[in-house]
Protein chains: 2
Amino acid sequence: MEVTKVENQHVKVQEKINDVFDSSHSLSACCPIKDILGRFGDKWSIYAILMLGREEKLRFNELKSMIDGISQRMLTVTLRSLEEDGLVSRKIYPEIPPKVEYRLTELGQGLLLQLLQLADWAKLNLHEILEARKSFAER
Amino acid sequence: MEVTKVENQHVKVQEKINDVFDSSHSLSACCPIKDILGRFGDKWSIYAILMLGREEKLRFNELKSMIDGISQRMLTVTLRSLEEDGLVSRKIYPEIPPKVEYRLTELGQGLLLQLLQLADWAKLNLHEILEARKSFAER
DNA sequence: GTTTTGAGTTACTAAAAGTAACCTAGTATT
DNA sequence: AATACTAGGTTACTTTTAGTAACTCAAAAC
């Protein structure tokens with residue numbers, strides 16, 4: 001009974017994995033996970049998304065001071081690429097000194113929810129991973 | 001009524017975001033998402049995890065031929081880092097020519113499930129993202 | 001005695017990430 | 001009237017990381 005259950009689950013997983021590759025012919029080219037991960041696999045995007053998830057609208061220098069250690073250039077680059085993918089919107093007020101407001105789009109909020117799920121798993125398993133790292137280092 | 005529901009949801013999201021930072025003092029250092037993402041945010045780890053999710057045990061060159069375009073070195077590096085974190089196990093048969101079997105650990109299977117969830121979201125929203133990219137490029 | 005095989009290393013190069021210094025143009029301070 | 005400050009960048013440069021090509025090892029097969 002238990003075994004059957006586990007086997008069924010495994011079959012489901014395999015189907016899903018096949019699905020991942022279905023949509024693209026070439027593996028290395030562009031299965032959707034890769035495409036999405038490209039968006040927050042870098043060093044800063046996650047922080048920007050999380051901060052914008054907290055405050056719902058933020059100006060450039062507010063973000064800069066919330067994201068410890070980020071440079072102006074990297075914040076610009078990060079926000080541009082998030083904007084490019086429709087995850088963040090950018091509203092310019094034609095004033096001097098300039099004023100620009102950033103916020104998550106609905107799409108961005110959806111991604112945020114996914115990230116938070118991942119964070120849940122991460123928190124649950126971080127200890128085990130750290131243990132594994134330690135025992136690996138000892139060899 | 002609807003508004004209240006949305007607001008409640010937003011509050012929950014904010015709590016979760018705060019949780020993400022709880023566990024680490026410094027933002028840029030090591031909140032758990034970053035730590036986990038570090039593991040599959042690179043170019044090849046996902047492919048290795050997906051392939052091992054399909055077949056449950058694979059040898060080095062089997063993996064190499066399944067992951068289109070990966071070099072020996074990058075496969076070695078990728079597998080080592082996955083092993084280091086306890087996501088993949090490595091069984092060496094002391095034969096010549098050498099034989100090494102890789103498989104996902106339970107932890108690795110857990111991560112795979114998370115990845116597949118992310119893939120679901122990615123597939124649902126890929127179209128919208130591609131649209132956004134296109135209209136961004138037009139400016 | 002040269003070739004093949006599996007699982008890697010070593011030494012190098014190309015690409016990406018990141019930094020420091022500069023720009024704009026208006027306002028407030030001395 | 002000269003200086004400094006503000007917000008939101010850009011340009012030119014350096015460091016770090018990802019990636020490639022060629023080599024290794026030790027036995028076995030041709």
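Chain letters run A, B, ... following the sequence lines, proteins first, then strands; residues in each count from 1.
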A.B. asks: Does D/dG19 have OP1 or OP2 sitting under 4.0 Å from an N or O in the side chain of B/Ser71?
C.D. replies: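 For D/dG19, OP1/OP2 do not have a side-chain N/O of B/Ser71 under 4.0 Å.
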A.B. asks: Closer than 4.0 Å, any side-chain N/O of B/Arg80 to the OP1 or OP2 of C/dG8?
C.D. replies: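 Yes.
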A.B. asks: Between C/dA25, D/dG8, C/dA17, spot the one nearest the side chain of A/Ile96, thanks.
C.D. replies: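 Looking only at side-chain atoms, A/Ile96 lies closest to C/dA25.
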A.B. asks: Within the 4.0 Å heavy-atom criterion, would you say B/Tyr102 contacts the bases, only the backbone, or no part of the nucleic acid?
C.D. replies: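 Here B/Tyr102 touches the backbone only, sparing every base.
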A.B. asks: Side chain of B/Glu84, backbone of A/Arg133: donor and acceptor closer than 3.5 Å?
C.D. replies: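 Pair absent, no side-chain N/O of B/Glu84 close to backbone of A/Arg133.
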A.B. asks: In terms of the nearest nucleotide of DNA chain D, which residue is placed more toward the 5' end: A/Pro98 or A/Thr76?
C.D. replies: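 The residue mapped nearer the 5' terminus is A/Pro98.
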A.B. asks: Take a 6.0 Å sphere around NZ of B/Lys99 and say whether it holds more than 12 heavy atoms from other residues, nucleotides or ligands.
C.D. replies: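 Check passes, neighbour count above 12.
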A.B. asks: Look at atom CD of A/Glu106 and say whether more than 12 heavy atoms of other residues, nucleotides or ligands are closer to it than 6.0 Å.
C.D. replies: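 Open.
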A.B. asks: Indicate, with a heavy-atom threshold strictly under 4.0 Å, whether B/Arg59 touches base, sugar-phosphate, or nothing.
C.D. replies: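 Contact class for B/Arg59: sugar-phosphate only.
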A.B. asks: Output the single nucleotide from D/dG19, C/dG18, C/dG6 whose closest atom is nearest the side chain of B/Asn61.
C.D. replies: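 Nearest to the side chain of B/Asn61 among the choices is C/dG6.
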A.B. asks: Can you tell me if the side-chain N/O atoms of A/Lys64 get under 4.0 Å from OP1 or OP2 in D/dG8?
C.D. replies: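 No.
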A.B. asks: Would you say a side-chain N or O of B/Trp44 is under 4.0 Å from OP1 or OP2 of D/dG19?
C.D. replies: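 Yes.
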A.B. asks: May I ask you to say what B/Lys99 touches in the nucleic acid, namely base, sugar-phosphate or nothing, with a heavy-atom cut-off under 4.0 Å?
C.D. replies: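 Contact class for B/Lys99: sugar-phosphate only.
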A.B. asks: Do you know which two heavy atoms are closest between A/Glu55 and B/Gln14, and how far apart they sit?
C.D. replies: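 Closest approach of A/Glu55 to B/Gln14: N-NE2, 4.4 Å.
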A.B. asks: Please report the distance, rounded to the nearest Å, between CZ in B/Arg73 and C1' in C/dT9.
C.D. replies: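 The distance from CZ of B/Arg73 to C1' of C/dT9 comes to 9 Å, rounded to the nearest Å.
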A.B. asks: Does B/Arg90 place a side-chain N or O at less than 4.0 Å from the phosphate oxygens OP1/OP2 of C/dG8?
C.D. replies: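 Affirmative; the distance criterion is met.
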